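Remarks on the structure that follows.
None of these values were measured; they are calculated from a predicted model. In what follows, chains carry the letters A, B, and so on, assigned in the order in which the sequence lines appear, proteins first and then strands, with residues in each chain numbered from 1.
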Amino acid sequence: MIGIIDCNNFYASCERTFNPALQNQPVVVFSNNDGAVIARSEEAKALGITMAAPVFKIKEMMKLKQIQGFSSNYTLYGDMSKRIKAITRNFFSAVEDYSIDESFVDCKGLQLLNLYNYVKDARDKITQWSGVPVSIGVGATKTLAKVANRIAKKQYRSIGVYIIDTDEKRIEALKNTNVNDVWGVGGRITAKLNAKGIYNAFDLSVVDTNWAKANFSVLLQKTVYELQGISCIPLELQTPNKQVIASQKSFGVFQTELEPIAEALANYTARVAEKLRKQKMLAGGIQVWLGTNNFSKTDKQYFPKINTMCNVPTDYTPYLISKANQALNAIYKKGYVYKRVGIMLTHLCHQTDGTLNLFYNQNRKREISIIKQFDKINRLNGTDTVKVAQQGFKNNWHMKQENLSQFYTTRLSDIIDIK
DNA sequence: TCTGGGGTCCTAGGACCC
DNA sequence: TCTGGGGTCCTAGGACCC
């Protein structure tokens, strides 16, 4: 048996944990730039606030119904996530951290202790000790655990646990789950499935698995098996190395000129390079892209992107920034209103695995010692105490965050995006 | 005026190899 | 008369997740 532990309304719950006045109040959390709703408390859901609602469309209603809104505070949520996962490991020996607010856990053998009692006790303690309410679903496969988790949240909210441990329960649960609520089935596939007369998870669980592969893909085939109780997606106890590290952000004010865009790009590059070093990795290449406002009906649209390779795999911020800047210059064209710029570090490898370049003599030793001091100063004194000149000082491209909560659980030097 | 950001995996097609 | 078969690697695009 596999369980999934999922935090309820995670970002909204984090805001509440340190602000008790928000208990039982409608609370929403906004995306970057305070643009759209990305988390809602139950009270906010009950008032009809939908997921991804544009903030400007609900401003009126928020005032009227006294709904509290917060800019997203990923420093806080990330730290809370770490704490919850540490607590989880007290109860389960094999844990796969799946996302910021979800972990899969191995429940093998727990039947001997009374599975329900054990899981219920874990759920109550994780909730109490972290301050963030969680739900646990358990089933024979990851996909069934996700189905069980939905039921725990919807039908057994105060208990917070649901276990699919008989075939009768499995069939009933699948019949009560729309096919688009199945893990791995998104909007596009739902439309195609509906057109073929498949509406709920049970319908999907009884199709021929070869048909699923031929008409969709091996992924949907696995989903069908998983719904039948045959496990195809194993617990991944060892977190695989990242393949890419990316950062893109929309500008607080849309930009037309190269200079501020280059400045924003340099700052995003500094952030991804820090992340890269924290994970003891090197980047072999980078991708840079630009985007205009795709919601505009009148603006000319332009979404260029470009890939380039580094001379040698590197984590040296000044080099990555200059490389990113070159890439930007190659794709930037005057005459467009730009909404965002982004960078992705690609071809990642471990620090010890970087292949040298016969034709390029780079003084890695010197770079390593410089960047170590660089990181040390910034760790002790706050991000960007020392920075590359290209990062600039104007920051008029910076995203909007007008309702940011406090960094309740972290030090100044842990703060990454705020200055 | 105004709609997020960071990831993964699979597939098809093109270029190339012998 | 009439032009193979088996393979790899890379990229772009599409789908999905939270």
Side-chain angles (χ1 to χ4, degrees), chain A residues 4-11 28-39 49-60 71-74 77-78 81 96-104 142-143 146 149 179-193 212-223 232-233 236 239-254 268 271-272 275-276 279 284-285 287 289 291-299 303-307 309 337 339-348 399-402 416-417:
Chain A
I4 183 148
I5 302 176
D6 189 326
C7 300
N8 301 349
N9 316 324
F10 182 53
Y11 297 167
V28 298
V29 176
F30 304 140
S31 63
N32 277 345
N33 274 309
D34 294 345
V37 171
I38 54 169
I49 304 274
T50 54
M51 195 64 180
V55 173
F56 72 92
K57 283 190 183 165
I58 59 163
K59 267 270 153 74
E60 193 98 338
S71 304
S72 30
N73 183 342
Y74 292 108
Y77 313 150
S81 172
E96 172 189 340
D97 292 329
Y98 174 64
S99 76
I100 191 164
D101 74 328
E102 288 174 80
S103 299
F104 285 105
K142 281 182 167 179
T143 308
K146 290 281 250 181
N149 193 278
V179 74
N180 60 307
D181 290 322
V182 172
W183 187 48
V185 179
R188 305 288 170 92
I189 290 175
T190 296
K192 277 177 78 176
L193 287 171
K213 183 174 180 187
N215 287 273
F216 294 86
S217 72
V218 66
L219 296 174
L220 193 76
Q221 184 187 35
K222 284 185 185 175
T223 298
C232 297
I233 309 173
E236 286 185 28
T239 34
N241 282 334
K242 280 210 187 304
Q243 299 174 22
V244 298
I245 298 176
S247 176
Q248 64 166 345
K249 287 182 178 58
S250 300
F251 304 127
V253 179
F254 294 170
Y268 304 163
R271 296 294 84 79
V272 290
K275 232 191 217 179
L276 183 74
Q279 303 184 15
Q287 179 179 93
W289 63 94
T292 49
N293 180 12
N294 52 332
F295 285 101
S296 170
K297 299 222 161 56
T298 51
D299 288 2
F303 299 93
K305 74 175 173 192
I306 187 170
N307 287 290
M309 296 303 288
V337 178
K339 178 188 182 182
R340 73 167 95 228
V341 65
I343 176 156
M344 184 186 282
L345 303 179
T346 63
H347 300 84
L348 302 190
M399 64 184 180
K400 204 165 90 180
Q401 285 182 303
E402 289 173 350
I416 43 171
D417 269 337

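Using a 4.0 Å heavy-atom criterion, one finds that A:G187 contacts the sugar-phosphate atoms exclusively. If you check every strand for non-hydrogen atoms under 4.0 Å, A:I100 touches nothing. Within 4.0 Å of A:K213, counting heavy atoms only, lies no atom of the nucleic acid at all. Within 4.0 Å (heavy atoms only), A:V253 reaches no atom of the nucleic acid at all. Backbone-only contact: A:K146 has heavy atoms under 4.0 Å from sugar-phosphate atoms and none from a base. In this structure, A:Y98 reaches the sugar-phosphate backbone alone: every heavy-atom distance under 4.0 Å involves primed, P, OP1 or OP2 atoms, never a base. A:S247 comes within 4.0 angstrom of sugar-phosphate atoms only, judged by non-hydrogen atoms across all strands, and of no base. No engagement by A:V55 is indicated, since no non-hydrogen atom pair under 4.0 Å with the nucleic acid exists. Among the heavy atoms of the strands, none lies under 4.0 Å from A:D34. Counting non-hydrogen atoms under 4.0 angstrom, A:F254 reaches the backbone sugars and phosphates but no base.
Rounded to a whole angstrom, the distance from the P atom of C:dC18 to that of B:dT3 is 25 Å.
Taking the nucleotide of DNA chain B with the nearest heavy atom to each of A:N293 and A:F216, the more 5' of the two is matched to A:N293. Two residues, A:Q243 and A:Q248, neighbour DNA chain B, and the one matched to the more 5' nucleotide by heavy-atom proximity is A:Q248.
Annotation: salt bridge (Lys or Arg N to Asp or Glu O under 4.0 Å) contacts involving residues 179-190 of chain A, sequence neighbours excluded, comprise A:R150-A:D181.
Between chain A and DNA chain B, the heavy-atom contact criterion of under 4.0 Å yields a 5' to 3' nucleotide range of B:dC2 to B:dT11.
Applying the side-chain hydrogen bond (donor to acceptor under 3.5 Å, both in side chains) test to A:N149 and every residue at least two apart in sequence or in another chain returns nothing. The salt bridge (charged side-chain N to carboxylate O under 4.0 Å, His left out) search around A:D97 returns A:R89, not counting sequence neighbours. Here A:Y268 pairs with A:W397 under the ring-ring contact (aromatic ring centres under 6.0 Å, His included) rule; sequence neighbours left out. Residues passing the ring-ring contact (aromatic ring centres under 6.0 Å, His included) test with A:Y98 are A:F104, A:W183, sequence neighbours excluded. With sequence neighbours excluded, the residues forming a salt bridge (charged side-chain N to carboxylate O under 4.0 Å, His left out) with A:D6 are A:K153, listed by chain and number. Partners of A:W289 under the ring-ring contact (aromatic ring centres under 6.0 Å, His included) rule, at least two apart in sequence or in another chain, do not exist in this structure.
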Dot-bracket line, read 5' to 3' along DNA chain C, where crossing pairs take [ ] and | marks a partner on another strand, Watson-Crick or G-U under 3.5 Å | ....||||||||||||||
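Side chains of A:I189 and A:L193 form a contact here, defined as non-hydrogen atoms less than 4.5 Å apart.
Between A:D34 and A:E402 the shortest heavy-atom distance is OD2-N, 2.8 Å.
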